[in-house]
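The structure follows.
Chain naming here is simple, since letters A, B, ... match the order of the sequence lines and numbering starts at 1 in each.
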Number of protein chains: 2
Amino acid sequence: MNSINTSNNTCIRALRDEERTELLASARSLNFKAGELVVKKGTSVNDLYLLQKGTVELLMDEQRPRQSLMLLFQGEIIGVNCAYSTMNYRFSARALTDCVVLIINYHTFSAYLKQNTEFSMAFIRYISLVNERFLDWHMKLSQKNSAGALAFLLCEFEKSYGQSSFELPLNRSDIARVIGFSKESVLKNLAHFRNEGIVESTGKKVKILDSSRLLDISNYG
Amino acid sequence: MNSINTSNNTCIRALRDEERTELLASARSLNFKAGELVVKKGTSVNDLYLLQKGTVELLMDEQRPRQSLMLLFQGEIIGVNCAYSTMNYRFSARALTDCVVLIINYHTFSAYLKQNTEFSMAFIRYISLVNERFLDWHMKLSQKNSAGALAFLLCEFEKSYGQSSFELPLNRSDIARVIGFSKESVLKNLAHFRNEGIVESTGKKVKILDSSRLLDISNYG
DNA sequence: TTTCAGGGGTGTAAAATTACACCCTTTGAG
DNA sequence: CTCAAAGGGTGTAATTTTACACCCCTGAAA
């Protein structure tokens, strides 16, 4: 059980060794295929879902695939904000890639929060940072034009994957939904980036050639 | 000191009586005039600012008065999210009306978080709810057209003030900044609402006549 | 009293974005 | 092999929003 990798989540690391061992003993790992629903909006929070591997998309509504909240990469607890507010998921999470999710018992987790002050302070810090990132994501996208928003998303992938060459887990319509613009705007801006030599792209394969210029477009928009 | 009203903040109420008394003994009340800067972006968090009375606007940048984050009404702790993440304010807060702010010592507050489990759990719940409201605000505004956004803002004021007739602490340009549209869009939509008999408005005085229709416009947009 | 700045207000032009129509290529099921 | 579906891609029209020009009114300073 100790082989389960939790080192990419800052607040789990704040647990004492024996607590972490015990918590992970009660946890189980689950696999999701790309496209599967990991969390359904409206359901109650019985467990915490730590995304160990893969990328998920948070959605306001599965039906109308209009409003995408943001993307989560490995190391994040999915919908952690809902766990201690309404205790109901306020959005759905869909796997964009094949994912490995660690299911952690909510009550066990809460018990440690009450028991271990170091842990609860680390958790407060963790959710504050998560919410900051959440807000940043939204501020950035809503204040940008279509080119800036696309540049921002590409930069986020580059940062999260840690490499300038990667494969997007999204098709063009998906990208459009995530950044909140039309598919055509995405295509035209991507074509523009290609013509300007800022990125190379064939289908979902993307290589960022001029990272600083892309960041400029992202910040300027 | 016990006369200080803190009952409108849920997490302070979770303190034991003697703790609350002690916390408030070390706190002081401060008045801000409309237009004054309450919190400056980039400064470190040394105290928590509990807004006892009035309305403040959270801004990404004081200089370029473009991006407004959201409005805070009485009972909220200003920038509570920053207190336990970077410990630096990531945005400024400007008083829209005359305000009364209770300055609470950050270290004293943090000491109670570590000491009192009930309080720390209430605080986790509080910041989760605040962030949910933050996110809601942004989701709603960014996905709406100009009419929907204006309707949303008017509904927020109605809700926060608890009455359908009120005086806006914002002129038309301010409204435009807060909802992220142009001044002209605000004026035209307001004129439309007036013509349709949804609101009455002369200058900053607003009376909401058809609350449910306004809510529809807010939700539809 | 005059003047002028600030806010409220409105029509029209300009810009950005979306929607539609359509084409090409790949791929996998029959 | 064939054909249909899905994704990538592009031009053009329609829509939305912004920007500009300008008007009126009020209130405070000269």
Exercise for the section: For N171(A) and for E184(B), find the nucleotide of DNA chain D with the closest heavy atom, then tell me which residue's nucleotide is more 5'. Expected result: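 Between the two, 5'-proximity favours N171(A).
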Practice task
Provide, to the nearest angstrom, the distance between the CG atom belonging to L150(A) and the C1' atom belonging to dA16(C).
Solution key: 16 Å
Exercise for the section: Take the protein atom CG of N195(B) and the nucleotide atom P of dT10(C), then report the distance between them rounded to whole Å. Expected result: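 These atoms are roughly 8 Å apart.
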Handout entry: Donor + acceptor pair across side chains of D216(B), S218(B) (<3.5 Å)
Key =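 No, no side-chain donor-acceptor pair sits under 3.5 Å.
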Exercise for the section: Fit a plane to each ring of F109(B) and F123(B), take the angle between them on a 0 to 90° scale, and name the class: parallel (under 30°), tilted (30 to 60°) or perpendicular (over 60°). Expected result: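 Perpendicular: the ring planes of F109(B) and F123(B) meet at over 60°.
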Handout entry: L187(B) CG - dA21(D) C1' separation (whole Å)
Key = 15 Å
Exercise for the section: Would you tell me if any nitrogen or oxygen in the side chain of S146(A) comes within less than 4.0 Å of OP1 or OP2 on dT17(C)? Expected result: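 For dT17(C), OP1/OP2 do have a side-chain N/O of S146(A) under 4.0 Å.
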Practice task
Check whether any side-chain nitrogen or oxygen of S185(A) sits under 4.0 Å from OP1 or OP2 of dT18(C), and answer yes or no.
Solution key: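 For S185(A), the contact criterion (side-chain N or O under 4.0 Å from OP1 or OP2 of dT18(C)) is met.
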Practice task
Could you tell me whether R177(A) and D174(A) make a salt bridge, using a distance below 4.0 angstrom between a side-chain N and a carboxylate O?
Solution key: yes
Handout entry: Pair N105(A), S26(A): side-chain N/O donor-acceptor within cut-off below 3.5 Å
Key =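 Looking only at side-chain atoms, S26(A) and N105(A) do not form any donor-acceptor pair under 3.5 Å.
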Handout entry: Atom-to-atom span, NZ of K205(A) to C1' of dT26(C) - whole angstrom
Key = 13 Å
Practice task
Check the distance between dG9(D)'s P and K204(A)'s NZ and give it to me in whole angstrom.
Solution key: 12 Å
Exercise for the section: Starting from P on dC20(C), measure out to NZ on K183(A) and report it in whole angstrom. Expected result: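 Taking atom P of dC20(C) as the reference, NZ of K183(A) is at 12 Å.
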Handout entry: N/O (side chain, S182(A)) to phosphate O (OP1/OP2, dT17(C)) under 4.0 Å
Key = no
Practice task
Record whether the side chain of K188(B) comes under 3.5 Å of the base of dT16(D) through a donor-acceptor pair of N or O atoms.
Solution key: no
Practice task
Grab the NZ-P distance between K144(A) and dA16(C) for me, whole Å please.
Solution key: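 Result: 17 Å.
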Practice task
Specify the separation, in whole Å, of atom CD of Q143(B) and atom C1' of dT18(C).
Solution key: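 My rounded result for the distance is 15 Å.
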Handout entry: Nucleotide of dT17(D), dG9(D), dT10(D) approaching F181(B) most closely (side-chain heavy atoms)
Key = dT17(D)
Exercise for the section: Respond yes when some side-chain nitrogen or oxygen of R172(B) is under 4.0 Å from OP1 or OP2 of dG6(C), and no when none is. Expected result: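 Answer no for this pair, as no side-chain N or O of R172(B) is under 4.0 Å from OP1 or OP2.
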Exercise for the section: Check every atom of dG9(C), dG9(D), dT17(C) against the side chain of N145(A) and return the nucleotide holding the closest atom. Expected result: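 Closest nucleotide to the N145(A) side chain: dT17(C).
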Problem - Pair Y126(B), E76(B): side-chain N/O donor-acceptor within cut-off below 3.5 Å - result: yes
